[in-house]
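In what follows, a single structure is set out as structure tokens and then discussed.
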Amino acid sequence: MKVLLVLPVLVPLTTAALALLSFRRAGRHRALGLAGSVLQLVVGIALLRAVHRGGIQSTQLGGWPAPYGITFVVDLFSALMVLLSGVIAVATSIYSLSDIDRERRAHGFYPLMHVLLMGTNGVFVTGDLFNLYVWFEVTLIASFVLLVLGNERPQMQGAIKYVAMNLIASALFLTGLGILYGSVHALNMADLSLKLPSLAPSIRITLAMIFLVAFGIKAAVFPLFFWLPDSYHTPPVTVAALFAGLLTKVGVYALVRVFTLVFVGDGGAAHALLLGIAAFTMAVGVLGAVSHREVRRILAFHSVSQVGYMVMGLGLFTLSSLSGAIFFVLHHAIIKSNLFLISGIMQSDGKDLRLDLQGGLLARSPGLSACFLVTALSLAGMPPLSGFWGKLILVRSGLEVGSRGATAVVATSLAVGLVTLISMTKIWNEAFWKPAPAPVDADLAMRERGTRPRALLYAPVVLLTALGFTLGMAPEPLLGVVRRAAAQLADPTDYVRAVLGEGRR
């Protein structure tokens, strides 16, 4: 067994277990949480390096041969997602040292955080659909508890919608698994890529739609997105940033993996449907953002809107568009997590995040203002920042396809980019540019901040801002890896060979 392939799951599992064993010493949780996150980042770097040099890697747990055993398989797309998980884990762990209060630490924030990371990494490295379902459930359980940790009324209201929709997704997923196994007696994705074409087209299309809805709920695509804006603004900022960076990306990853490896034989109709979903997701999400005046709700609606760009790349289904989708996933996770972390600092002076109660941040916090400006412009796709390169690749891919649907979704993406810039400008004008509506209440600000080290709030923001800025100014190294990852998705022959061996292609 190749131990490196198991470490993305084993490291957060061990971290969570050690934190639980020292449950009565909650002070140790912070050190364990940060150490586990740093180790996960190291594992992500090592895994990407191994796959980049040695090709797709796979291993069978328990000694059972594929396709009967539990398969872990990592291609470049999986490795990039594990690395991304490590980056988000480190940033949110540092931020949590100052943001998460003693009560939430005592109730198991750090073990839950690492169980969530274990679930997301399990999704990224698993090679069969049943274990994909298992890792989804691990992620759901951990995320639900994190969402309600603190037991505040808004949290409970958001959690009810979140868990209800995700339970529906789980039920649909399990139903699809039952039909799939009953039809071809296989759930290993590499094996399914060989066996599924023998099924009747009507059964394949039905299964594809079941999985599209199940994963679409996880990814928060139109019209299944409404749980996200009602959930992401309720938990602590650390949790919201962790969710924004990883949870919807898990759904997008599952969509990309299944519709490039398993359901690839009925191309046209499925891709046209995905393009329509992408266009509506972009448009509805950005209109929701424009209509709100609370910073975290605006950011939550933008999370919905930006998922549309990722689905657009899958719907166009060219080598270039898949490259754009992968690049956009990586860019958006970094940028959106950073914006949520920035929103927490904006709130740390004791004010509400409603824009009418904000103001004067440019004068009080020029460093934070610079970080917000760079990150917001990147989200809107302004050149030469990272969001521009992701959108440029997708727009060029759509124009190259040249169909009516592709042209329509390209036009939508350009219009949505403009409206995104308008909504980000609204936050800048109201919270940073205009004078404060009233003098800052120093006593209230001190009560809100307590004795929290401010450097621990700013450090991850500066790091993520620098990382996002670097991806924009020097995108070619990452684009080279992303193109290779897209080539592996477009032609799954190497994936199938890595899992099943040379005799099965």
Side-chain angles (χ1 to χ4, degrees), residues 9 61-62 64 66-73 78 115-116 118-147 159-193 195-196 198-200 202-221 223-228 231 243 246-264 266 270 273-274 277 311 314 499:
V9 171
L61 275 66
W64 289 85
Y68 308 106
I70 297 175
T71 301
F72 277 17
V73 55
S78 301
V115 170
L116 175 66
M118 178 182 69
T120 57
N121 287 343
V123 170
F124 299 147
V125 301
T126 189
D128 68 88
L129 286 177
F130 181 76
N131 283 290
L132 183 65
Y133 168 78
V134 172
W135 293 121
F136 267 144
E137 295 308 294
V138 171
T139 303
L140 173 61
I141 293 169
S143 59
F144 173 69
V145 182
L146 284 170
L147 198 58
I160 289 172
K161 296 177 181 178
Y162 172 80
V163 77
M165 288 301 296
N166 278 273
L167 286 176
I168 292 172
S170 297
L172 286 170
F173 193 178
L174 197 57
T175 300
L177 290 178
I179 298 172
L180 190 58
Y181 189 78
S183 301
V184 296
H185 307 293
L187 291 175
N188 183 286
M189 287 187 280
D191 199 29
L192 285 170
S193 70
K195 292 182 176 180
L196 210 63
S198 64
L199 275 182
S202 58
I203 299 177
R204 289 202 307 267
I205 292 171
T206 300
L207 286 168
M209 292 305 102
I210 290 173
F211 284 107
L212 175 59
V213 174
F215 297 152
I217 292 174
K218 303 284 187 181
V221 301
L224 309 167
F225 66 89
F226 61 86
W227 59 267
L228 190 152
S231 302
F243 284 12
L246 293 179
L247 282 192
T248 54
K249 312 308 177 296
V250 166
V252 172
Y253 172 87
L255 282 172
V256 172
R257 179 64 69 196
V258 168
F259 281 90
T260 57
L261 181 61
V262 180
F263 300 107
V264 293
D266 302 302
L273 179 60
L274 286 168
I277 290 172
V311 178
L314 179 59
V499 175

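For the atom pair CG (Leu187) and OH (Tyr68), the distance works out to 12.5 Å, reported to the nearest 0.5 Å. For the atom pair CZ of Phe243 and OG1 of Thr248, the computed distance is 11.0 Å after rounding to the nearest 0.5 Å. Note that the CG atom of Leu207 and the CG atom of Leu212 stand 12.5 Å from one another [nearest 0.5 Å]. Separating the OG1 atom in Thr206 from the CG atom in Leu180 is a distance of 12.0 Å, to the nearest 0.5 Å. In this structure, the separation between CD1 on Ile141 and CZ on Phe144 is 10.5 Å, given to the nearest 0.5 Å. With rounding to the nearest 0.5 angstrom, the CG atom of Leu247 is 9.5 Å from the CG atom of Leu147.
Listed for the Thr126 side chain is no donor-acceptor partner under 3.5 Å among the backbone atoms of Val123.
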Check the pair Asn188 / Leu192 against side-chain contact (heavy atoms from CB on, under 4.5 Å), numbers first and verdict last.
CA-CA 6 Å; Asn188 183 286; Leu192 285 170; 6.0 Å; no
Between Val499 and Met189, is the side-chain contact (heavy atoms from CB on, under 4.5 Å) condition met? List the steps.
CA-CA 9 Å; Val499 175; Met189 287 187 280; over 6 Å; no
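Of all non-hydrogen atoms in Met118 and Val138, the two that sit nearest each other are CE-CG1, 3.9 Å. Taking all atoms of both residues into account, the shortest heavy-atom contact from Thr139 to Gly119 is OG1-C, 3.2 Å. Closest heavy-atom contact between Val311 and Leu274: CG1-O, 3.6 Å. Closest non-hydrogen pair, Ala220 versus Trp227, comes out as CB-CZ2, 3.9 Å. Taking all atoms of both residues into account, the shortest heavy-atom contact from Asp191 to Pro67 is OD2-CG, 3.4 Å.
Around atom OH of Tyr133, more than 12 heavy atoms belonging to other residues, nucleotides or ligands sit under 6.0 Å away.
Side-chain contact check for Thr71 and Asp128: no donor-acceptor pair (N or O, by modelled atom type) lies under 3.5 Å.
You'll find the side chain of Phe136 reaches within 4.5 Å of the side chain of Leu132, heavy atoms only.
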Would you list the atom pairs, donor with acceptor, under 3.5 Å between side chains in residues 249-263 and any protein atom, with sequence neighbours excluded?
residue	atom	partner	partner atom	Å
Lys249	NZ	Ala244	O	2.8
Lys249	NZ	His332	ND1	3.1
Tyr253	OH	Ser78	OG	3.0
Tyr253	OH	Phe124	O	2.9
Tyr253	OH	Arg257	NE	3.2
Tyr253	OH	Arg257	NH2	3.0
Arg257	NH1	Asp75	OD2	2.8
Arg257	NH2	Asp75	OD1	2.9
Arg257	NH2	Asp75	OD2	3.1
Arg257	NH2	Ser78	OG	3.0
Thr260	OG1	Val256	O	2.6
Thr260	OG1	Arg257	O	3.3

Residues 159-174 side chain polar contacts: donor-acceptor under 3.5 Å, at least two apart:
residue	atom	partner	partner atom	Å
Lys161	NZ	Asp230	OD2	2.7
Tyr162	OH	Ser143	OG	2.5
Asn166	OD1	Lys218	NZ	3.4
Asn166	ND2	Tyr162	O	2.7
Ser170	OG	Glu137	OE2	2.5
Ser170	OG	Asn166	O	3.0

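Judged as a side chain to side chain contact (heavy atoms under 4.5 Å, CB included), and not counting sequence neighbours, the contacts of Ile70 are Leu61, Phe72, Asn131.
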